Amino acid sequence: MAMTLNTGGGEPDVMVDINTTPLIDVMLVLLIMLIITIPIQLHSVNLNMPAGNPPPPTAEPVVVTIDIDFDGTVLWNGEALADRAALEAKLAQAAAVADQPEVHIRPNKLVEYKSVATVLASAQRLGVTKLGMVGNEQFVK
């Protein structure tokens with residue numbers, strides 16, 4: 001609404017007031033509709049846990065340790081591998097065994113995640129099922 005005020009002589013001043021009450025009402029209705037339509041998100045992970053007691057292992061598992069050095073060098077049981085093809089050949093050999101060895105990956109604290117992700121992706125793609133991260137206590141501050 002426009003109102004004119006006459007303050008003596010000269011040009012009249014125009015005062016403009018916007019009524020914000022309907023805008024706030026519409027905003028609140030939209031907010032309530034948004035809250036109602038958003039599905040409830042549960043912060044749980046559904047796992048299929050094994051039932052019963054498994055028999056104790058008959059023999060000690062074979063453990064393969066993959067160390068990833070700070071510069072991205074990959075070590076297989078302490079032996080440096082030349083390139084990614086050599087790593088994949090060793091992982092394929094480990095995955096082909098009927099009773100797969102446990103593969104423990106131990107990244108250095110200073111290594112880029114790209115190097116660790118490359119090793120993990122290769123292991124997953126080649127079918128290594130017994131895979132674990134070792135030495136995570138170095139990342140705790």
Side-chain angles (χ1 to χ4, degrees), residues 1-57 59-141:
M1 294 267 213
M3 278 174 69
T4 59
L5 298 174
N6 199 353
T7 59
E11 291 285 322
D13 292 333
V14 177
M15 183 171 35
V16 179
D17 290 332
I18 296 176
N19 189 0
T20 58
T21 304
L23 295 175
I24 293 173
D25 291 345
V26 169
M27 182 195 65
L28 290 174
V29 168
L30 289 175
L31 182 65
I32 291 171
M33 289 176 58
L34 179 71
I35 290 172
I36 291 172
T37 58
I38 291 178
I40 297 173
Q41 295 183 1
L42 301 176
H43 297 287
S44 64
V45 178
N46 297 327
L47 296 176
N48 294 328
M49 300 300 289
N53 294 328
E60 286 292 318
V62 177
V63 177
V64 173
T65 305
I66 298 177
D67 292 314
I68 305 172
D69 209 1
F70 68 93
D71 59 351
T73 305
V74 179
L75 304 167
W76 181 278
N77 285 336
E79 174 188 333
L81 298 178
D83 56 357
R84 185 174 176 180
L87 171 68
E88 290 186 356
K90 295 260 190 183
L91 286 173
Q93 183 182 7
V97 179
D99 186 23
Q100 288 189 7
E102 291 182 8
V103 178
H104 295 178
I105 298 177
R106 185 180 312 144
N108 188 304
K109 185 175 184 176
L110 303 175
V111 71
E112 293 181 0
Y113 181 70
K114 175 184 171 186
S115 302
V116 178
T118 301
V119 173
L120 290 173
S122 296
Q124 181 184 16
R125 187 177 67 253
L126 294 171
V128 176
T129 57
K130 297 179 181 179
L131 187 66
M133 300 292 285
V134 180
N136 294 334
E137 62 275 357
Q138 67 180 329
F139 300 107
V140 177
K141 290 185 178 185

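What you see is a predicted model; the values in this text were computed from it and never measured.
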S.K.: Would you list the pairs meeting salt bridge (charged side-chain N to carboxylate O under 4.0 Å, His left out) in which at least one residue belongs to residues 90-108, sequence neighbours left out?
M.R.: Asp67-Arg106, Asp99-Lys130
S.K.: Please identify each residue that fulfils side chain to side chain donor-acceptor pair (under 3.5 Å) with Asn136, with sequence neighbours left out.
M.R.: none
S.K.: With heavy-atom distances below 4.5 Å as the criterion, would you say the side chains of Leu81 and Ile66 are in contact?
M.R.: no
S.K.: Sorted by first residue and then second, give each side-chain hydrogen bond (donor to acceptor under 3.5 Å, both in side chains) pair with at least one member in residues 72-83; sequence neighbours left out.
M.R.: Asp71-Thr73
S.K.: With a 4.5 Å heavy-atom cut-off, do Met133 and Pro107 have their side chains touching?
M.R.: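 They are in side-chain contact.
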S.K.: Check step by step if side chain to side chain contact (heavy atoms under 4.5 Å, CB included) holds for Val63 and Thr65.
M.R.: CA-CA 6 Å; Val63 177; Thr65 305; 4.2 Å; yes
S.K.: Considering all heavy atoms of both residues, which atom of Pro101 and which atom of Ala94 are nearest to each other, and what is their separation?
M.R.: CD-O, 3.5 Å
S.K.: Does the pair Val111 and Val116 meet the rule for a side chain to side chain contact (heavy atoms under 4.5 Å, CB included), with working shown?
M.R.: CA-CA 8 Å; Val111 71; Val116 178; 3.8 Å; yes
S.K.: Roughly how far apart are Leu23 CG and Leu28 CG, rounded to 0.5 Å?
M.R.: 11.0 Å
S.K.: Applying side-chain contact (heavy atoms from CB on, under 4.5 Å), name anything that partners Thr37, two or more places apart in sequence or on another chain.
M.R.: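 Listed in chain order: nothing, the list is empty.
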S.K.: State which residues pass side chain to side chain donor-acceptor pair (under 3.5 Å) with Thr20; sequence neighbours excluded, sorted by chain then number.
M.R.: none
S.K.: Would you mind reporting whether Val119 and Ile105 have side-chain heavy atoms less than 4.5 Å apart?
M.R.: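 SC-SC contact between Ile105 and Val119 confirmed.
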S.K.: Can you name the salt bridge (charged side-chain N to carboxylate O under 4.0 Å, His left out) partners of Glu88, sequence neighbours left out?
M.R.: Arg84, Arg125
S.K.: For Pro54 versus Gly52, what's the shortest heavy-atom pair and its separation?
M.R.: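 Result for this residue pair: CD-O, 3.7 Å.
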S.K.: Quick check for you: to the nearest 0.5 Å, what is the distance between Thr118 atom OG1 and Glu112 atom CD?
M.R.: 10.0 Å
S.K.: For Leu110, enumerate each residue passing the side-chain contact (heavy atoms from CB on, under 4.5 Å) test, keeping only those at least two apart in sequence or located in another chain.
M.R.: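 Partners of Leu110 under the side-chain contact (heavy atoms from CB on, under 4.5 Å) test: Phe70, Asn108.
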S.K.: Report the residues that fulfil side chain to side chain donor-acceptor pair (under 3.5 Å) with Asp25, sequence neighbours left out, ordered by chain and then residue number.
M.R.: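 Asp25 satisfies side chain to side chain donor-acceptor pair (under 3.5 Å) with no other residue.
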S.K.: Heavy-atom distance under 4.5 Å between the side chains of Leu131 and Leu120, does that happen here?
M.R.: yes
S.K.: Measuring from Leu126:CG to Leu87:CG, what's the distance to the nearest 0.5 Å?
M.R.: 8.5 Å
